[in-house]
Amino acid sequence: MVSLARKLIASRNPSPISLESQEALQPFIPFSRLQETKLLESHLVSLLDNCSSLIQIKQVHAHVIRKGLDQCCYVLAKLLRMLTKINVPMNPYPRLVFHQVEYGNPFLWTALIRGYSIQGPLEEAVHLYNAMRREDISPVSFTLTALFKGCSDELELNLGRQIHCHGIKLGGFCKDMFVHNTLIDMYVKCGCLDCGRKVFDEMYERDVISWTSLIVAYSKAGDMAAAVELFERLPVKDLVAWTAMVSGCARNGKPREALEFFHRMQSAGVETDELTLVAVISACAQLGAAKYANWARDVAEGYGFGPANHVMVGSALIDMYSKCGNVEEAYKVFEKMREKNVFSYSSMIVGFAMHGCANAALDLFEEMVKTEVKPNKVTFIGVLMACTHAGLVERGRDLFDRMEKHYVVEPSIEHYACMIDLLGRAGQLEEALELIKAMPMEPNSGAWGALLGACRIHGNPEIAEVAGHRLFELEPDSIGNYVLLGNTYASAGRWEDVLEVRKLIKQKLLRKDPSRSWIEGKEGVIHEFYAGDMTHPNSKEVKEALEDLVGRLKSCGYEPNLSSVPYDLSEEHKRRILLTHSEKLALAYGLLITDTGSAIRIMKNLRICEDCHSFMCGASQITGREIIVRDNKRFHHFRNGVCSCGNFW
DNA sequence: TTAGGGTTAG
């Protein structure tokens, strides 16, 4: 038997049967039987609700047929929704269920439309929607939300807009909040924030979901001012809205503001959940200070969200401890976690890589691939970074080759940048240049920047010129590239070219980010030092401590590395400049204020120079102290005269 | 029966 529904879909011409005639065809059911049927329907729906596999659903379906309810849209729509939920393809089984019904109601149609919207193809969902309208079956709000969701997943802005224009009036949804909230989300996800805002502004009535959708959209677009403005106007702020602000600030590099929102949230008596804590921990990770790290962990545990049972909090803690310089604590958290996902493994691998523990990172990767957890693109960035920091070129090459073949992770532009970094830092500059040329995508500033950085390390002004000029086109206002090229010329003694680069910087009115280092003092107070800066209240003691240290180092054979000063100056002048590098000042201060047994933790905004690097090595030996320096890329652990980076940085 | 907040890299 060819069902009516199938004929309707196939036909371009509307069927002559109207809704009234469908009603007329319903058999008469006595009242008590009706009650009995309703009870049975509810029972079947709750049975379906508890299904988690196709076999179970088919068993219930067989039961539905036995009970003579094979035409009951209420039950069958639920059945279709459950099939969608467990991701059963709409063709053939769910589709067959739909076609076997003679007179589908809007909920049954919508369940199928929703299935296609989620699974694709979206065209099929739209085709069904049109067929439904041709049959004069009015869409319900759920029909439109399903279609908008499909459009936002597929980024089909125009289609979404068409459905918006026709559908809203057609179904009388002008005041429907569900429909409008989904619509805001659709416009925002399709990249049209202004359209989302327009929908919001014109809404008949708004709830906290409408506001939060837009707040999140602004924060994801990097416009925190607009997000804050909306948030402050939001009349009743709930847990999700507050969390959106905490995570929005953290995402946009405003960790202090994130913590302020969290404190306000607590004062307002709003509950806290795992997602809020993840945002708080991520803010503390950016602050990089032990004081905040320990505070964040105490807060999480105080709310009952310890890492053992909460995989998201655990993963965020791993990342935080790594970024705060404490990779041992990060690993302790990792070990405590009962459930580990790709975030936990990747954060730990990246953490090891940042700290120069290449073998630990690679061993953990091997352990990970033996589990059910599949590595993703970030995992591979972590292992490639580990190889880079340890100079493991062949291992990196092998992983890069295998990532697509064995692990089905397509190498992205970032992975190519990692490989260029790996080859470049290991001194294989020609190979790195060849790889840039062979990339299947247009090389971006990350790729060229990695090459330029490597040229600076290995003193290759010829390749640096190629990379530098490409970077000047891609990022004309980024001062770092000019400085790197200038320094490469300087290390080769090409002072005229250095002047040319400086002229360019002047013409463009670019300002160099001053080199600065900071150290966490007692009770979490941050002390900051700039290169050549003697304004710290204890600068006299700092200077004395530094001179004392230099004297002791010199007697052990330390000689300043004058090529670390990219200026054409006298040797004596270069020596003096080197002695006031901010990390050396921070180290001297650290020796004064920290306990003898503890590690000295220094943070720095730029890459550590060769001279400071060997200075730290020597200082760690003669003072017997562990010195941990976080530069703009990674961590250096100096112990007994050796750095964890093995001089690859 | 549909809608809002999330962690890893750069």
Side-chain angles (χ1 to χ4, degrees), chain A residues 45 74 77-78 80-81 84-85 106-107 110-111 113-114 117-118 139-149 152 173 176-186 188 206-217 219-220 227 231 234 237-248 250-251 265 272-283 285 307 310-320 322-323 330 341-351 353-354 375-385 412-415 417-418 421 444-447 449-450 632-633:
Chain A
V45 164
Y74 172 54
K78 178 72 191 179
L80 292 185
R81 281 195 296 276
T84 306
K85 192 175 171 187
F107 293 98
T110 300
I113 289 171
R114 182 167 176 268
S117 269
I118 290 169
V140 287
S141 61
F142 185 28
T143 325
L144 291 188
T145 55
L147 287 164
F148 291 145
K149 185 166 183 340
S152 69
F173 298 118
D176 191 301
M177 209 143 52
F178 279 134
V179 170
H180 283 82
N181 284 345
T182 322
L183 199 48
I184 293 175
D185 212 45
M186 191 267 299
V188 163
R206 301 174 195 105
D207 64 1
V208 66
I209 293 171
S210 337
W211 288 83
T212 313
S213 293
L214 211 56
I215 288 169
V216 171
S219 102
K220 285 192 174 158
F231 179 77
L234 169 57
K237 301 163 171 68
D238 69 358
L239 163 68
V240 179
W242 279 105
T243 307
M245 291 313 292
V246 180
S247 64
R251 186 186 301 120
M265 177 181 180
T272 295
D273 73 0
E274 196 174 0
L275 298 192
T276 323
L277 291 166
V278 164
V280 169
I281 295 167
S282 142
H310 296 88
V311 66
M312 256 193 298
V313 164
S315 306
L317 285 173
I318 292 171
D319 172 59
M320 179 189 73
S322 300
K323 286 183 178 155
N341 64 13
V342 67
F343 287 93
S344 338
Y345 277 103
S346 304
S347 299
M348 197 61 246
I349 289 171
V350 170
M354 273 198 303
N376 66 9
K377 57 187 286 187
V378 182
T379 323
F380 278 99
I381 285 171
V383 286
L384 293 176
M385 241 166 77
S412 70
I413 200 154
E414 289 89 356
H415 298 104
C418 282
D421 204 21
N444 63 358
S445 57
N632 59 350
K633 283 251 158 60

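For clarity, every value in this text was computed on a predicted model and none was experimentally measured.
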**Asked** Just how far, in rounded Å, is C1' of B/dT7 from CE of A/Met320?
**Response** 12 Å

**Message:** What's the closest nucleotide to the side chain of A/Phe107 if the choices are B/dT1, B/dT7, B/dA9?
**Reply:** B/dT1

**Asked** In terms of side-chain heavy atoms, does A/Asp319 have a donor or acceptor partner in A/Ser322 at a distance below 3.5 Å?
**Response** no

**Asked** A/Thr212 side chain: which of B/dT8, B/dT2, B/dG4 is closest?
**Response** B/dG4

**Message:** Is A/Phe178 stacked against the base of B/dT2, taking the criterion as centroid distance under 5.5 angstrom and interplanar angle under 30°?
**Reply:** no

**Asked** Looking only at N and O atoms, is any donor in the side chain of A/Asp207 or the base of B/dG4 less than 3.5 Å from an acceptor on the other one?
**Response** no

**Complete:** From CG of A/Leu234 across to C1' of B/dG5 the rounded distance in Å is 13 Å

**Prompt:** Looking at A/Lys78, does any N or O in its side chain come under 4.0 Å of the phosphate oxygens OP1/OP2 on B/dT1?
**Reply:** yes

**Message:** Nearest whole Å is fine: how far is B/dG4 C1' from A/Asp185 CG?
**Reply:** 7 Å

**Request:** Take the protein atom CG of A/Leu239 and the nucleotide atom P of B/dG4, then report the distance between them rounded to whole Å.
**Result:** 15 Å

**Prompt:** Expressed in angstrom and rounded to an integer, what is the separation of A/Tyr345 atom OH from B/dT7 atom C1'?
**Reply:** 17 Å

**Message:** Within the 3.5 Å criterion, strictly below it, is a donor on A/Asp185 or A/Thr182 matched to an acceptor on the partner's side chain?
**Reply:** no

**Fill in**
Testing B/dG5, B/dT8, B/dT1 for proximity to the side chain of A/Asp319, the answer is B/dT8

**Prompt:** Which of these nucleotides, B/dT2, B/dT8, B/dG5, is closest to any side-chain atom of A/Thr145?
**Reply:** B/dT2

**Request:** Report which part of the nucleic acid A/Lys237 touches: base, sugar-phosphate, or nothing (heavy-atom distance under 4.0 Å, all strands).
**Result:** nothing

**Request:** Figure out the CZ/P separation between A/Phe142 and B/dT1, and round it to whole Å.
**Result:** 8 Å

**Request:** Measure from the side-chain heavy atoms of A/Glu414 and tell me the nearest of B/dG5, B/dA9, B/dT1.
**Result:** B/dA9

**Message:** Any donor-acceptor pair, under 3.5 Å, between the side chain of A/Ser213 and the base of B/dG4, if you only look at N and O atoms?
**Reply:** no

**Request:** Starting at atom CZ of A/Arg114, determine the distance to atom C1' of B/dA3, rounded to an integer number of angstrom.
**Result:** 12 Å

**Complete:** Whole-Å distance, A/Phe343 CZ to B/dT7 C1', equals 6 Å

